[in-house]
Amino acid sequence: MKNIIQNINKAFDHRIRLGIMSVLMVNDSASFNTLKELLGVTDGNLASHVKALEAEEYIIVEKQFIGKKPNTSYKATALGKKAFRDHIEALEKLIQKS
């Protein structure tokens, strides 16, 4: 059974991180507010999960000003996209074996 789950990535264990990566896989980028609204989470909760994905180098953070308002957006890195695809593939294999 260990071989079946060895490619499941702990970085995506939490539903919020899974949600963040799912959004970023189908969009070039997403703003903090967009992710917050889509996932239905608080500022602090989203910030901590974004930080965890950034530490793994699965996402990059882009900060800029739009007019006078700060805007933070996120993009999945090539490493993050590969890790997420591998994770989903491992889950699919696990489901097929069950």
Side-chain angles (χ1 to χ4, degrees):
M1 190 67 144
K2 184 180 180 209
N3 290 338
I4 294 174
I5 63 170
Q6 74 184 12
N7 290 326
I8 293 178
N9 191 325
K10 282 194 69 69
F12 308 124
D13 272 357
H14 198 281
R15 66 182 179 86
I16 295 173
R17 283 183 235 144
L18 190 66
I20 292 167
M21 287 304 296
S22 295
V23 170
L24 296 178
M25 290 295 286
V26 297
N27 295 285
D28 289 336
S29 67
S31 72
F32 185 89
N33 287 333
T34 298
L35 288 173
K36 185 176 133 181
E37 289 174 26
L38 286 172
L39 302 174
V41 295
T42 64
D43 288 2
N45 205 348
L46 179 58
S48 67
H49 289 290
V50 162
K51 189 181 230 180
L53 291 171
E54 186 182 17
E56 294 288 336
E57 298 182 355
Y58 289 164
I59 65 171
I60 56 171
V61 180
E62 295 181 335
K63 295 184 181 238
Q64 60 182 343
F65 281 90
I66 297 178
K68 293 186 178 191
K69 291 186 175 189
N71 183 35
T72 303
S73 62
Y74 306 93
K75 289 184 177 185
T77 64
L79 177 65
K81 289 179 180 182
K82 181 182 181 332
F84 192 72
R85 281 192 297 270
D86 291 347
H87 177 74
I88 296 301
E89 186 178 302
L91 290 174
E92 288 172 347
K93 285 180 181 175
L94 180 62
I95 291 167
Q96 291 170 359
K97 296 266 184 187
S98 298

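All residue numbers refer to positions in the sequence shown, counting from 1.
For K75, there are no side-chain hydrogen bond (donor to acceptor under 3.5 Å, both in side chains) partners, not counting sequence neighbours. Considering only residues two or more places apart in sequence or on other chains, D86 meets the side-chain hydrogen bond (donor to acceptor under 3.5 Å, both in side chains) condition with K82. In this view, K69 satisfies the side-chain hydrogen bond (donor to acceptor under 3.5 Å, both in side chains) rule with no residue, not counting sequence neighbours. Residues forming a salt bridge (charged side-chain N to carboxylate O under 4.0 Å, His left out) with K10 (at least two apart in sequence, or on another chain): D13.
Between E89 and K93, the closest side-chain pair of non-hydrogen atoms falls below 4.5 Å.
S73 contributes atom OG, which lies 10.5 Å from atom CG of D28 (distance to the nearest 0.5 angstrom). Expressed to the nearest 0.5 Å, how far CG of L91 lies from CG of L18 amounts to 8.0 Å.
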Solution key, residues 47-57 side-chain donor-acceptor pairs under 3.5 Å, sequence neighbours excluded:
residue, atom, partner, partner atom, Å
S48, OG, N45, O, 2.9
H49, ND1, R17, NE, 3.1
H49, NE2, N45, OD1, 3.2

Review item, side-chain donor-acceptor pairs of residues 32-39, under 3.5 Å, at least two apart:
residue, atom, partner, partner atom, Å
T34, OG1, S31, OG, 2.8
K36, NZ, D43, OD1, 2.7

Can you give me every donor-acceptor pair (side chain of residues 58-67, partner residue at least two apart or in another chain, under 3.5 Å) with its distance?
residue, atom, partner, partner atom, Å
Y58, OH, N9, ND2, 3.0

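When every heavy atom of M21 is checked against every heavy atom of G80, the shortest pair comes out as CE-O, 3.5 Å. F84 and S22 make their closest contact through CZ-OG, 3.5 Å (heavy atoms, listed as atom of the first residue, atom of the second, distance).
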